[in-house]
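Since the structure comes first, as structure tokens, the remarks are kept for the end.
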Amino acid sequence: MNADAINGPLAQVIHAYETAYAHSKEQVYCAETLTEAFLYSGIASSNHKNSVVLSKPNWAMAYYLRGYAYGSMDDLVHAEASLKQALALSPFNSQFLSELGNVYENEKNWSSALDTFQSADGAAEFAPPEQKITLRCHALRGQGYVLVELHKLDEAAQKYNACLSISPGDQRSIDELGYVRELQAKAGK
């Protein structure tokens, strides 16, 4: 099913955009919000480049979905490449960053995973208002998971508690915090 999506509809969307913008001399971005659009325009301007910001992130979303599909098939190399293509178009998309963090996590590349989840947490600020808390919690839980793997239990607990401070009923954070407390008890803390 995932291979069908990759080779069918996603390939068609990607091909259409790649064809349309193949010869563009402008830096192309995809933005979900006006704030994100202004941010990308500012980045291009500071780099002395002209830019075009597409107001719908369909192109970037197609790369993201392809990356997600590859990841679900454990094809981490292609997942990472597709997610990086999505992020080239939408560098401050928290959802895309967290998914790349998940890929690094699956590769056990803890340093890159932690950095990427931290970036995703910051980028959640630019997301649509109704998505900010969900995206922040995803990024915070990702950081917590990596910190547990790095045996930094106090820092991991802080990340899960940070999620609970903005989303008090987040069951995944509650469960993970319980796990961290068990590990701390075993370690004699």
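We count residues from 1, following the sequence as given.
- Screening residues 71-81 for salt bridge (Lys or Arg N to Asp or Glu O under 4.0 Å) gives Glu80-Lys84 as the qualifying pairs, with residues at least two apart or on separate chains.
- Side-chain atoms of Tyr21 and Trp59, non-hydrogen and from C-beta on, do get closer than 4.5 Å to each other.
- Here Asp121 contributes atom CG and Gln143 contributes atom CD; the two are 5.5 Å apart, rounded to the nearest 0.5 Å.
- For OH of Tyr68, the number of neighbouring non-hydrogen atoms (other residues, nucleotides, ligands) closer than 6.0 Å is 12 at most.
- Note on Leu65 and Leu76: same hydrophobic cluster, where clusters join Ile, Leu, Val, Met, Phe, Trp and Tyr whose side-chain heavy atoms are under 4.5 Å apart, directly or indirectly.
- Of all non-hydrogen atoms in Ala123 and Leu97, the two that sit nearest each other are CB-CD1, 3.8 Å.
- Note that CD of Gln27 is 5.0 Å distant from NZ of Lys49, once rounded to the nearest 0.5 Å.
- The aromatic rings of Tyr29 and Tyr40 lie parallel to each other, with less than 30° between the two planes, well short of the 60° mark.
- For the atom pair Leu177 CG and Glu182 CD, the distance stands at 10.5 Å (nearest 0.5 Å).
- With contacts defined as side-chain heavy-atom distances shorter than 4.5 Å, the pair Leu140/Phe117 does not qualify.
- Linking ILVMFWY residues whenever their side-chain heavy atoms come closer than 4.5 Å, directly or via other members, places Val28 and Tyr63 in the same cluster.
- Of the possible polar contacts, none joining the Ser90 side chain to the Asn93 backbone as a donor-acceptor pair under 3.5 Å is found.
- Leu89 and Leu54 fall within a single hydrophobic cluster, where Ile, Leu, Val, Met, Phe, Trp and Tyr side chains are chained together by heavy-atom contacts under 4.5 Å.
- Under a cut-off of 6.0 angstrom, the local environment of CD in Glu26 is crowded, with over 12 non-hydrogen atoms contributed by other residues, nucleotides or ligands.
- In this structure, Glu99 CD and His138 NE2 are separated by 6.5 Å, a value rounded to the nearest 0.5 Å.
- Side-chain contact, Asp154 with Gln184: a donor N or O sits under 3.5 Å from an acceptor N or O.
- The shortest side-chain heavy-atom distance between Glu32 and Lys56 does not fall under the 4.5 Å cut-off.
- The structure places CZ of Phe92 at 12.0 Å from CD of Glu125, a figure rounded to the nearest 0.5 Å.
- Residues Arg141 and Asp170 are paired through a salt bridge, judged by an N-O separation under 4.0 Å between the basic side chain and the carboxylate.
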- Message: I'd like to know whether Leu147 forms a side chain to side chain contact (heavy atoms under 4.5 Å, CB included) with Leu114, so could you lay out the CA-CA distance, the side-chain angles of the two residues, the decisive distance to 0.1 Å, and finally the verdict.
- Response: CA-CA 8 Å; Leu147 291 165; Leu114 187 59; 4.2 Å; yes
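- Not less than 6.0 angstrom separates the ring centroid of Tyr104 from the ring centroid of Trp110.
- A donor-acceptor pair under 3.5 Å is absent between the side-chain atoms of Ser45 and the main chain of Ser41, judged by distance alone.
- Side-chain contact between Leu135 and Gln95 is present, with heavy atoms from C-beta onward closer than 4.5 Å.
- Transitive grouping of hydrophobic side chains (ILVMFWY, heavy atoms separated by less than 4.5 Å) brings Leu150 and Val148 into a common cluster.
- Arg136 contributes atom CZ, which lies 8.5 Å from atom SG of Cys163 (distance to the nearest 0.5 angstrom).
- Across all their heavy atoms, Cys137 and Ser167 have their closest contact at SG-CB, 3.8 Å.
- Tyr145 is connected to Val180 through a chain of hydrophobic side-chain contacts under 4.5 Å among Ile, Leu, Val, Met, Phe, Trp and Tyr, so both are in one cluster.
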- Query: Given the rule in the side chain to side chain contact (heavy atoms under 4.5 Å, CB included) test, do Arg66 and Gln85 qualify, once you have shown the distances and angles that lead to the verdict?
  - Reply: CA-CA 10 Å; Arg66 185 174 71 179; Gln85 287 175 299; 2.6 Å; yes
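- Within the 3.5 Å criterion, the main-chain N or O of Tyr64 finds no donor-acceptor partner in the side chain of Ser82.
- Across every non-hydrogen atom of Gly67 and Leu83, the tightest pair is CA-CG, 4.2 Å.
- In terms of heavy-atom proximity, Asn58 sits nearest to Val13 at O-CG1, 4.2 Å.
- Nearest heavy-atom pair across Pro9 and Asp4 is CD-O, 3.7 Å.
- Gly101 approaches Ala113 most closely through the heavy-atom pair O-CB, 3.8 Å.
- With a 4.5 Å cut-off on side-chain heavy atoms, Met61 and Phe96 count as touching.
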- Can Asp115 and Gln118 be said to form a side chain to side chain contact (heavy atoms under 4.5 Å, CB included), step by step? CA-CA 5 Å; Asp115 289 345; Gln118 288 169 340; 3.8 Å; yes
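- For the side-chain contact (heavy atoms from CB on, under 4.5 Å) with Glu105, the qualifying choice from Asn109, Asn102, Val103 is Asn102, the only one to do so.
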